[in-house]
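Okay, structure first, notes after.
Per chain, numbering begins at 1; letters A, B, ... match sequence-line order. Side chains included, hydrogens not; waters and symmetry mates left out as well; all remaining heavy atoms used. Bear in mind that the values here come from a model prediction, so they are computed numbers and not experimental data.
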Amino acid sequence: MTEFLGDWKRTATCGELTASGAGSSQTLMGWVKSIRDHGGVIFADLRDRYGVTQVVFRPETLPGDQMEQARQLSFEYVVAVRGTVELRPDGMRNPDMHTGEVELLVAELKMLNRAEPLPFLPAEEPSASEELRLKHRYLDLRREACQKVFALRHGIYQSVRKCLSEEGFLEIETPILVRPTPEGARDFLVPSRVHRGKFFALPQSPQLYKQLLMVSGFDRYFQLARCLRDEDLRADRQPEHTQIDLEMSFCSEEDVFGVVERTFSAVFEENLGVRLPVPFPRLTYDEAMSRFGTDKPDLRIPVELADLTEASSTSGFSLLEEAVKAGGRVACLLVPLQLSRKDIGELETLAKAQGATALFWARSSGTDLEGGVSKSVGGALQKRLLELSQGPGTVLLTAGARAFEAAGAVRSGLGEKLRPGDSAFRFGWVKDFPVFSWSEEDSRWEPTHHMFSMPREEHLEFMEEDPARVRGRVYDLVCDGVELGSGSMRIHSPELQVRVMKVVGLSLEEARRRFGFLLEAMRFGAPPHGGIALGLDRIVMLMAGRDTIRDTIAFPKTTSASSLMDGSPCQADEKDLKELGIKLV
RNA sequence: GGGGUCGUAGUUCAGUCGGUUAGAACGCUGGCCUGUCACGCCAGAGGUCGCGAGUUCGAGUCUCGUCGGCCCCGCCA
């Protein structure tokens, strides 16, 4: 049987009663976390968002019919109890509970709702598979650990809004129904009923709109923007995610960095009590690739790559010499650890996934090389390796066109073993990204970031002849090996915009057809501007110490982009399709 | 699109070399218990071994396919 609240009012949460409240009358409401029925007296732990309080049902103080009801209670029943806060007897206090000094002696019980046996209990540690927890997401979210993540997420929203407002940014919403874009990720398409046969897209980001807001003279804009992409998922990628999107006019890259650094300082200070050292270190893309083999280095790992291409060309080791002759490079990682064959095998898998043919290794004593390829390497290479190795450890080598990427993957893979246990939150800026990268698949140059990013002025002269050399005023924010955000100074000249579009294969007509509104806006007085988009879900993930952004999204999708809870996506009704003029093929 | 891994009771798992009646814990049901906090004790119910083929005298176990979860590559401006 379930009852209505009637005139009952909650007077305290389940997390706040302590010894100082002893003697007072209180009304608590919450979920039964556990029940201990001793035949006579019954103890129950009552839980809500704020905590847990023990309530006591006694035959001496509770009417018989309600005592019977108390005996029916089970996991996750929803109840309201009125009673007196009592100090627990000596020896019965629970020091592990914030409310463990007291208990509520129940004088009146109202059973607000029953709960059938649950597929799993919302315990501290997840007791069921993620699959089952996603199916009953509302139950999983009852867990304290989950609620903490969303409280943190809420706190981050507040800090961001406060900080950016103080910096003079205006929060402005941009459309959710937008023009489909041919570039970049796959769009989610939304059919228009009014315009049969025509489609909106859901925005991959507010990119064009925020640039237009700069043309409008808003000077500083931000938005906690939902971004939607119909691409394959990963632990850190969902089809819909939230970005802290911002854009500012009359600014330099350093202005953007400053705003972001101040915002992150506030976010971390206010929500974790962590003081971030600012400014964050800046490094160029080329530097990041040569030192770390990745554009999102984990700066906590105290080991960097070495370029041994030249020393390898006369190493006497034919595999390396051939790789160098073929135009490849040789990257080296000196690890101050005695890695086992098994460790090296696992690392080799990582290197191969990045295109390396092998991961060569040898043990170093500091003065000699042994094992692995130690017999094969000679000459300058052996000398260099011994120079570089500061003491006993393992030497790892990769060769080929993507030697540095492969060694970088190995370095990241070693992260757990190499970084100090207490380190976290090492931020950094990676800047001067290449503007164009060659697509083997489409045999054309495509924008590395997006085609609205400003190339470095001094590189404009060879943009058409040698696009690969062009570096842009493009930057990423990285933290602990995670890409947290990406931005750039934008092109505000229509002529330059058309030039860039041409390099990536868009004819003038095509550019006008797809981006005419942007090119037109640029002709009517677009200010120099730039900005960044920061992945909020990843920020929450990092701050909460989770491994996947699913944990930071209230109702996430599985890796096959479906929702186990509501069964979406699902087939549409024939009637709806007809009205939209859509026929399935 | 590709690779890896997992799928057995409501849940988490065990299940030997392919062998006859598939187990445990928690949960559930019934009973007992007036100071527990993972309460305790007694008894009981509960299985499409993800699904479909195949091999075999015999398949939870082997093979192939398929569906689903997770991780990775491609993809993700």
Side-chain angles (χ1 to χ4, degrees), chain A residues 33-46 52-62 67 71 74-76 86 88-97 99-100 103 105 115-121 123-136 139 181-187 204-205 207-208 227-239 241 349-350 352-355 405 409 413 433-437 439-442 445-453 472 474 483 486-488 500-501 504 533 535 547-548 550 557-562 564:
Chain A
K33 185 184 175 220
S34 67
I35 187 109
R36 296 172 291 280
D37 182 346
H38 288 257
V41 65
I42 302 168
F43 300 95
D45 289 337
L46 205 60
V52 178
T53 300
Q54 173 165 283
V55 301
V56 188
F57 305 99
R58 286 183 185 287
E60 304 89 277
T61 49
L62 194 64
M67 199 63 202
R71 233 169 270 292
S74 185
F75 290 104
E76 301 302 308
E86 310 247 307
R88 295 200 197 177
D90 284 342
M92 303 302 160
R93 295 187 187 115
N94 187 339
D96 298 332
M97 282 170 84
T99 61
E103 61 199 12
L105 180 60
E116 287 176 23
L118 277 62
F120 61 91
L121 291 177
E124 277 93 67
E125 284 301 310
S127 56
S129 66
E130 186 172 9
E131 188 173 0
L132 194 69
R133 288 187 287 128
L134 284 174
K135 186 170 179 200
H136 303 278
L139 287 182
T181 50
E183 294 291 322
R186 264 180 223 102
D187 284 324
Q204 297 173 27
S205 81
Q207 182 61 35
L208 296 177
C227 302
L228 301 113
R229 294 167 192 184
D230 189 7
E231 293 293 344
D232 288 350
L233 287 76
R234 288 282 196 287
D236 61 354
R237 271 158 41 185
Q238 281 274 304
H241 74 286
T349 309
L350 297 174
K352 283 182 172 171
Q354 289 297 321
E405 285 89 341
F433 272 76
V435 173
F436 306 103
S437 37
S439 164
E440 288 292 341
E441 197 179 331
D442 302 335
W445 292 100
E446 47 185 37
T448 309
H449 184 226
H450 58 52
M451 63 176 89
F452 314 111
S453 297
V474 180
E483 180 193 320
S486 186
S488 62
V500 168
M501 286 173 165
V504 300
D547 296 323
T548 162
R550 287 190 298 278
K557 307 286 188 284
T558 66
T559 49
S560 64
S562 55
L564 296 178

For the base of C37(B), is there a side-chain donor-acceptor partner from Arg88(A) under 3.5 Å away? yes
Any donor-acceptor N/O pair under 3.5 Å between C37(B) base and Asp45(A) side chain: no
Using a cut-off of 4.0 Å on non-hydrogen atoms, how would the nucleic acid contact of [X] be classed: base, sugar-phosphate, or nothing?
X	result
Asp37(A)	base
Glu60(A)	base
Gly40(A)	base
Gln354(A)	nothing
Met451(A)	nothing
Ser74(A)	sugar-phosphate
Glu103(A)	base
Phe75(A)	sugar-phosphate
Ala123(A)	nothing

Distance col, row Phe433(A):CZ vs Ser453(A):OG, nearest 0.5 angstrom, shows 10.5 Å
Nearest-0.5 Å distance that lies between atom CZ in Arg550(A) and atom CG in Asp236(A): 10.0 Å
G46(B) and A24(B): how far apart are their C1' atoms, nearest whole angstrom? 14 Å
For the C1' atoms, the ones on A59(B) and on U20(B), what distance do you get once it is rounded to whole angstrom? 13 Å
Examine distances only and state if a side-chain atom of Thr448(A) and a backbone atom of Pro434(A) form a donor-acceptor pair shorter than 3.5 Å. yes
Indicate yes or no for a side-chain donor-acceptor contact from Thr548(A) to the backbone of Ala235(A) under 3.5 Å, with no hydrogens or angles considered. yes
Counting side-chain heavy atoms from CB outward, which of [options] is closest to [X]?
X	options	answer
Thr558(A)	C72(B), C70(B), U34(B)	C70(B)
Ser560(A)	U36(B), G69(B), C76(B)	G69(B)
Glu131(A)	C75(B), G68(B), U34(B)	G68(B)
Arg36(A)	G1(B), U36(B), C28(B)	U36(B)
Phe43(A)	C71(B), C37(B), U36(B)	U36(B)

Closest non-hydrogen atom pair between Phe75(A) and Leu118(A), with its separation: O-CD1, 4.3 Å
For Gln204(A) and Arg229(A), work out which heavy atoms get closest and say how close. O-NH2, 3.1 Å
In whole angstrom, give the distance that lies between atom [atom1] of [X] and atom [atom2] of [N].
X	N	atom1	atom2	value
Ile42(A)	U34(B)	CD1	P	11 Å
Asp232(A)	G3(B)	CG	P	14 Å
Asp96(A)	C37(B)	CG	P	12 Å
Asp442(A)	C76(B)	CG	P	9 Å
Ile35(A)	C33(B)	CD1	P	17 Å
Lys33(A)	G27(B)	NZ	P	14 Å
Leu564(A)	G50(B)	CG	C1'	14 Å
Glu124(A)	C37(B)	CD	P	16 Å

Does any part of the side chain of Met501(A), heavy atoms only, come nearer than 4.5 Å to the side chain of Phe452(A), both counted from C-beta? yes
Is [X] close enough to [N] that one of its side-chain N or O atoms is under 4.0 Å from OP1 or OP2 there?
X	N	value
Ser34(A)	A38(B)	no
Arg550(A)	C71(B)	yes
Arg234(A)	C70(B)	no
Thr349(A)	C72(B)	no

Would Asp232(A) and Arg237(A) pass as an ion pair if we require N to O under 4.0 Å? no
Inspect the surroundings of CG in Asp547(A) and state if more than 12 heavy atoms from other residues, nucleotides or ligands are less than 6.0 Å away. no
Tell me whether the count of non-hydrogen atoms from other residues, nucleotides or ligands lying under 6.0 Å of CD in Glu60(A) goes above 12. yes
Provide a list of protein-nucleic acid N or O atom pairs under 3.5 angstrom, restricted to nucleotides 9-14 of chain B.
| unit_1 | atom_1 | unit_2 | atom_2 | d |
| --- | --- | --- | --- | --- |
| U11(B) | O4' | Pro119(A) | O | 3.3 |
| U11(B) | O2' | Ser127(A) | O | 3.2 |
| U12(B) | OP1 | Ser129(A) | N | 2.8 |
| U12(B) | OP1 | Ser129(A) | OG | 3.3 |

Map Leu134(A) and Arg237(A) onto RNA chain B by nearest heavy atom, then report which one ends up closer to the 5' terminus. Leu134(A)
Toward the 5' end of RNA chain B, which comes first, Asp236(A) or Phe452(A), by nearest nucleotide? Asp236(A)
Whom does A14(B) pair with, Watson-Crick or G-U wobble, provided both distances fall under 3.5 Å? none
Suppose we define a pair by two distances each less than 3.5 Å, Watson-Crick or G-U wobble; what does C64(B) pair with here? G52(B)
